[in-house]
Amino acid sequence: MASSGSCRSGVSVCSCSPATTLDSQDESPQTICATEPANALLTVAQIAGGIVSGSLALIADDLHNFSDMASLVIAFAARKIARRPADERMTFGYGRIEIVAALINYKTLILVGVYLIYEGGMRIIDPPEVQGWTVVILGGVALVVDALTAALTWSMQKGSVNIRALFLHNLSDALASVAVIVGGTLIILYDLRWVDPAITIGIALYILYLALTEIGGPIRTLMLGSPPDIDNSAVIAAMRDVDGVTDVHHVHLWQMQEHEAALDCHVVVAEDGWTRIEAIKGKIKARLSERFGIAHSSLEFENERNAHTNANLYGHGSNGHE
């Protein structure tokens, strides 16, 4: 849809396409939420087993598993809210709630990782006695549950940063369970008590690596950063190359949602092109959509005789008149 109106020496024009929906990438939340009872039972069993056996690695795996449960609830609650249409309160819609959910999940991983490194370091100094068989058995049960949940989220994680955060939770927990089993086996065979806290620290470092390498994306989106897969200079060059356009400035390029880029800017039009604004607008929007996938754009046109002076290319600052 497009709308236009007078704006001092220019004309403002905005067009957009319907927001990308999640339905094309969605699978039944009930399928994954069905794993919640199993995760709940596993959490109770592991925390009890960790206390009884003296295994910090088992407790570490349990804390991570508990965070998985919370992640499931957060992820699918966010996905449900994201489907709401835009309204007078949220004029951009609710799609970014999934980005917020992903950020919460990654921050949880970081907190868990830091805590486990601290506890693991304390136990390496004075390794306690650990019951290896309890560790191996509970670790094996955890591996089955974690692998099942990770498999269920695999097919969904490519289309959503929120579900990707959830998948990484599950994957890292499954790998942690493997490490717990190996550690329990070494304790049974060789009574290597230091292995348990060492594995705990290894799990924690892996958790931190996953979280810190992925958290930048949600932060960039929430900070209204430009889409990482779009070349800003190429976008500007494509607009400037349209016949009748002499310059562009005050460019804002951001992600409205995870898969929806948007742009607004001022377009300076030559004197002889002022009567062809509609045609120029159409060409600019076609290039933005076809070349860069930018379906939502707001353009303010200025006659070169009355264009802003010394205007910044990005943002809205200027040393000239407004």
Side-chain angles (χ1 to χ4, degrees), residues 32-73 105-154 165-212:
I32 297 181
C33 289
T35 63
E36 283 289 80
N39 274 289
L41 291 173
L42 179 61
T43 298
V44 175
Q46 280 191 304
I47 196 71
I51 294 173
V52 171
S53 66
S55 172
L56 181 61
L58 199 57
I59 295 176
D61 197 23
D62 176 71
L63 288 175
H64 197 193
N65 186 69
F66 179 77
S67 70
D68 288 345
M69 292 175 56
S71 298
L72 279 169
V73 175
N105 283 336
Y106 288 134
K107 288 176 66 176
T108 301
L109 284 173
I110 291 173
L111 291 174
V112 169
V114 171
Y115 170 74
L116 292 178
I117 287 176
Y118 168 78
E119 286 294 332
M122 294 296 98
R123 291 208 178 194
I124 280 183
I125 297 174
D126 183 22
E129 182 178 353
V130 178
Q131 298 177 17
W133 279 112
T134 303
V135 174
V136 171
I137 293 172
L138 289 177
V141 174
L143 177 60
V144 173
V145 175
D146 297 332
L148 175 61
T149 308
L152 289 172
T153 53
W154 163 251
L166 173 59
F167 168 74
L168 289 176
H169 262 278
N170 301 140
L171 178 61
S172 59
D173 210 9
L175 294 175
S177 296
V178 172
V180 167
I181 294 171
V182 172
T185 302
L186 291 175
I187 292 171
I188 293 170
L189 297 177
Y190 306 108
D191 194 29
L192 299 177
R193 298 183 184 182
W194 61 268
V195 168
D196 187 79
I199 288 176
T200 300
I201 293 175
I203 292 172
L205 290 174
Y206 182 66
I207 290 173
L208 289 176
Y209 169 77
L210 288 177
L212 293 175

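Computed from heavy atoms alone, side chains included, the values below leave out hydrogens, waters and symmetry copies. Just so you know, residue 1 is the first one in the sequence shown, and it goes up from there. Here the structure is a predicted model, which is why all the values come from computation and not from measurement.
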To the closest 0.5 Å, what do you measure between [atom1] ([X]) and [atom2] ([Y])?
X	Y	atom1	atom2	answer
Leu56	Ile199	CG	CD1	11.0 Å
Leu138	Ile47	CG	CD1	11.5 Å
Leu175	Ile207	CG	CD1	10.5 Å
Leu109	Tyr209	CG	OH	14.0 Å
Leu58	Ile137	CG	CD1	11.0 Å
Leu212	Leu205	CG	CG	10.5 Å

- For Leu143 against Ala174, the heavy-atom pair lying closest together: CD1-O, 3.4 Å

- Taking every heavy atom of Val180 against every heavy atom of Ala57, the minimum-distance pair comes out as CG2-O, 3.6 Å

- Note on the structure: Applied to residues 108-117, the salt bridge (charged side-chain N to carboxylate O under 4.0 Å, His left out) test, sequence neighbours excluded, yields none

Anything under 3.5 Å between a donor and an acceptor, one on a side chain of residues 119-132, the other on a protein residue two or more places apart or in another chain? List them.
residue : atom : partner : partner atom : Å
Arg123  : NH1  : Gly54   : O            : 2.8
Gln131  : NE2  : Val52   : O            : 3.4

- Query: Taking only residues two or more places apart in sequence or in another chain, which ones pass side chain to side chain donor-acceptor pair (under 3.5 Å) with Thr43?
  - Reply: Asn65

- Task: Return the set of residues passing side chain to side chain donor-acceptor pair (under 3.5 Å) with Ser177 (not counting sequence neighbours), or none when no residue passes.
- Result: Asp61, Asp146

- Hits for side chain to side chain contact (heavy atoms under 4.5 Å, CB included) against Ile188, two or more places apart or cross-chain, chain-then-number order -> Trp133, Val136

- Query: Which pairs, with at least one residue in residues 196-208 and sequence neighbours excluded, count as a side-chain hydrogen bond (donor to acceptor under 3.5 Å, both in side chains)?
  - Reply: Ser55-Asp196

